[in-house]
Amino acid sequence: MTLNLKHPEAETREQRLGTITQWEGCASDLARDSAFTSGCGKAGRGAGGKRLCEQDSPLSQASMCAECIAVTNATIIQDSVVIQHSPIGCAASQSFTCRYYRDLAARRGWEVKNPQSICTNLTERDMVFGGVGKLEQAIRTAWARHRPKVIFVASSCSTGIIGDDIDSTAQALEAELGVTIVTLHCEGFKSKHWSSGWDVIEHGILRRLVRKDPPARQADLINVIHLGGPDVFSPLLEPLGLRVNLVMGGSPLDRLARMSEATATATMCFVLSYLATGLEQEYGVPEVKAPLPYGQDATDEWLRDIARMTGREDRVEALIARERARVAPELARLRRALAGKRGFVAAGAAFAHGLLADLRELGVTVDAAYSFHHDPSTDSGDPRQDSLSHLVETWGDVAHFTVSPDQHFQAHAALQRAKPDFVICRHTGSIAALAGRLGIPVLPIFYSNDGLGYDGLITIGRAILRILPRRRFYQDVAAHSSFPYQRWWKDETNPYALSIPAV
């Protein structure tokens, strides 16, 4: 679908892609029903006027919002200041963002320091009389104190409710101060899922930070959009004569600016497809549509697609053969060691699909997974980016595929049903803590680059072997843990036993 980059606000994922956050069944059924609405645009409606059905939960036990995601990813952009136009409670996530930025800085050789952020600290009085005056003061303070190259102004539920005009305020002060001010419309109540926050920050980058009149295309430069973590892409693409422009997950502004100069864009999670689609739409930088490089076969096709797009077909087959031969002995060892083990995956959308592919290639039995949301389509609408269908067609069905926005009571039931030998999950809280209290060894993955490519299989396999011997520790934890549920729910194995389908 076409992205509207003239408007300061990005459409939510529910509006554009028909994203759902609650569903229960087998993966093949979800893939089949999603294919009907794939690429359909508004509200997930297909040609027949239908939409993907979604379960209905009677309560919400945990949550995150789009503002947290948008603000975090703006804050870790170098030479920036982020102003949260919100009550002070919305800024509580900055403690996490500070740790995140410092870790990225240490990994990439930047100066290790705290990122810059300011909160306007809206009060009850501001909710009645408006908070534009506080926003103006905060922008001037940010400029006087830090002299940033860019200032991000993020809205909140409160400013969305009272209707503060952050765009006009930003435009006036940008002209006065001579600094780029990017507005981020990320009111949490607009979307049921926090992943819309990715679209918000990418919308702002596309509109204001990408070079509009780039010099000539750089034939050896490829954008790689990722969620953060080490650069595992350069070692894989340098043999093809390609330079990686690694963006998102912490970026210098010059990298964001030169995205329009690249010869292609690859994304490491289709949650990030908004930026790649915008680059193709506005600047003619084509997006790599091959399946994500989880597992050897998918990595082969990913490399071949990049080689085709960049005119390097003559080098790619030798690279694939060399990489497969290099990892083959260790991969065989890991498969022998993991034979008969049962795994459980908990992660967001395409990342969950990718980890499932990795585990099955490692020989692990996985018949249950827990995805935090599901997108029936990607922004490109290309069927090659249907990662769930690719998983089912390549590696077979997943009998119990639960979609839930990280609701602990539902995850409890899903884990009781699966009874895995270990859990591999995105993030280090929520599901990781829950699984540990149930006595299940946990492999938490914060940086989603782990698991990508040929080396990713080895990384994941070795990590699983490290945690399996810790079962006795987790059993001790379980023996001293309790849950706030009645016995009938502790024994429940259907995460949606309390829910009914909603059309």
Side-chain angles (χ1 to χ4, degrees), residues 8-10 12 63-102 104 113-174 177 179-191 194-205 207-209 248 250-251 253:
E9 300 185 42
T12 66
S63 182
M64 185 187 288
C65 73
E67 181 188 0
C68 180
I69 297 299
V71 166
T72 294
N73 285 280
T75 304
I76 61 177
I77 292 175
Q78 290 188 297
D79 300 312
S80 71
V81 172
V82 174
I83 297 174
Q84 288 184 257
H85 191 36
S86 68
I88 194 64
C90 294
S93 64
Q94 286 294 348
S95 59
F96 158 79
T97 304
C98 180
R99 180 187 65 82
Y100 182 21
Y101 181 87
R102 293 177 69 90
L104 283 172
K113 61 180 182 179
N114 295 332
Q116 314 298 337
S117 64
I118 294 173
C119 180
T120 55
N121 190 19
L122 296 178
T123 63
E124 291 180 357
R125 178 180 178 83
D126 300 315
M127 291 295 292
V128 176
F129 296 102
V132 169
K134 278 191 171 181
L135 177 59
E136 292 175 347
Q137 179 185 354
I139 293 174
R140 289 195 171 93
T141 298
W143 174 247
R145 185 181 298 170
H146 302 294
R147 285 295 194 271
K149 294 181 180 178
V150 61
I151 296 174
F152 292 98
V153 175
S155 63
S156 62
C157 292
S158 298
T159 50
I161 291 169
I162 63 179
D164 274 356
D165 188 352
I166 65 172
D167 294 302
S168 295
T169 305
Q171 289 171 7
L173 285 171
E174 181 173 298
L177 301 175
V179 61
T180 300
I181 302 177
V182 181
T183 56
L184 304 175
H185 291 266
C186 46
E187 297 90 338
F189 59 74
K190 287 186 175 179
S191 175
W194 47 264
S195 58
S196 286
W198 288 103
D199 304 333
V200 171
I201 181 62
E202 292 169 30
H203 188 78
I205 289 170
R207 294 184 73 241
R208 302 301 313 279
L209 301 182
M248 297 297 290
S251 299
L253 289 168

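Starting from 1, each residue takes its place in the sequence as its number. Quick note: numbers below take in every heavy atom, side chains included, and nothing from hydrogens, waters or symmetry partners. Note that the structure is predicted; figures quoted are calculated from it, not measured.
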- Task: Provide the closest heavy-atom pair for C186 versus S155 in the form atom of the first, atom of the second, distance.
- Result: N-OG, 3.0 Å
- Message: Among V82, I205, V179, T180, exactly one meets side-chain contact (heavy atoms from CB on, under 4.5 Å) together with V150. Which residue is that?
- Response: T180
- Task: First locate atom CD1 of I76, then atom CG of L104, and finally report the distance between them rounded to the nearest 0.5 Å.
- Result: 5.5 Å
- Task: Determine whether W194 and C68 make a side-chain contact, defined as any pair of heavy atoms from C-beta on separated by less than 4.5 Å.
- Result: no
- Query: What distance do I166 atom CD1 and E136 atom CD have between them, rounded to the nearest 0.5 Å?
  - Reply: 13.0 Å
- Message: Between D167 and H185, is there a side-chain heavy-atom distance shorter than 4.5 Å?
- Response: yes
- Item | Atom pair CD1/OG1 of I83 and T141 - distance to nearest 0.5 Å | 8.0 Å
- Are the side chain of S251 and the backbone N or O of M248 linked by a donor-acceptor pair below 3.5 Å? yes
- Query: Do Q78 and L253 have side-chain heavy atoms sitting under 4.5 Å apart?
  - Reply: no
- Message: Is any side-chain heavy atom of V71 closer than 4.5 Å to one of T97?
- Response: no
- Query: Does the side chain of W143 come within less than 4.5 Å of L173's, by heavy atoms?
  - Reply: no
- Do other residues, nucleotides or ligands put more than 12 heavy atoms under 6.0 Å from the NZ atom of K134? yes
- Query: Is the closest side-chain heavy-atom distance between Y100 and T75 below 4.5 Å?
  - Reply: no
- Note on the structure: Between D164 and G131 the two heavy atoms that sit nearest each other are OD2-N, 3.0 Å
- Minimal heavy-atom distance between V81 and A142, with the atoms involved, is CG1-CB, 3.7 Å
- Item | Distance (rounded to the nearest 0.5 Å) between I77 CD1 and Y101 OH | 10.5 Å
- Side-chain (Q84) to main-chain (C90) donor-acceptor, under 3.5 angstrom: yes
- Item | Heavy-atom pair of closest approach, residues V153 and L135 | CG1-CD1, 3.7 Å
- Message: Is it the case that the side chain of T120 and the backbone of S86 share a donor-acceptor pair, with hydrogens and angles ignored and the cut-off at 3.5 Å?
- Response: yes
- Item | Min side-chain heavy-atom separation K190-S196 under 4.5 Å | no
- Taking all atoms of both residues into account, what is the closest heavy-atom pair of L184 and A74, and its distance? CD1-CB, 3.9 Å
- Query: Going from CE on M127 to OG1 on T159, what distance comes out if it is rounded to the nearest 0.5 angstrom?
  - Reply: 8.5 Å
- Message: Within this structure, what is the CD-OG distance for the pair E67 and S191, rounded to the nearest 0.5 Å?
- Response: 13.5 Å
- Within the side chain of T169, is there an N or O that forms a donor-acceptor pair under 3.5 Å with the backbone of D165? yes
- Side chain to side chain, Q116 and P148, heavy atoms closer than 4.5 Å: no
- Item | Considering all heavy atoms, the nearest P8-H203 contact | O-CD2, 3.5 Å
- Among C119, S156, C157, which residue meets the side-chain contact (heavy atoms from CB on, under 4.5 Å) test with P87? S156
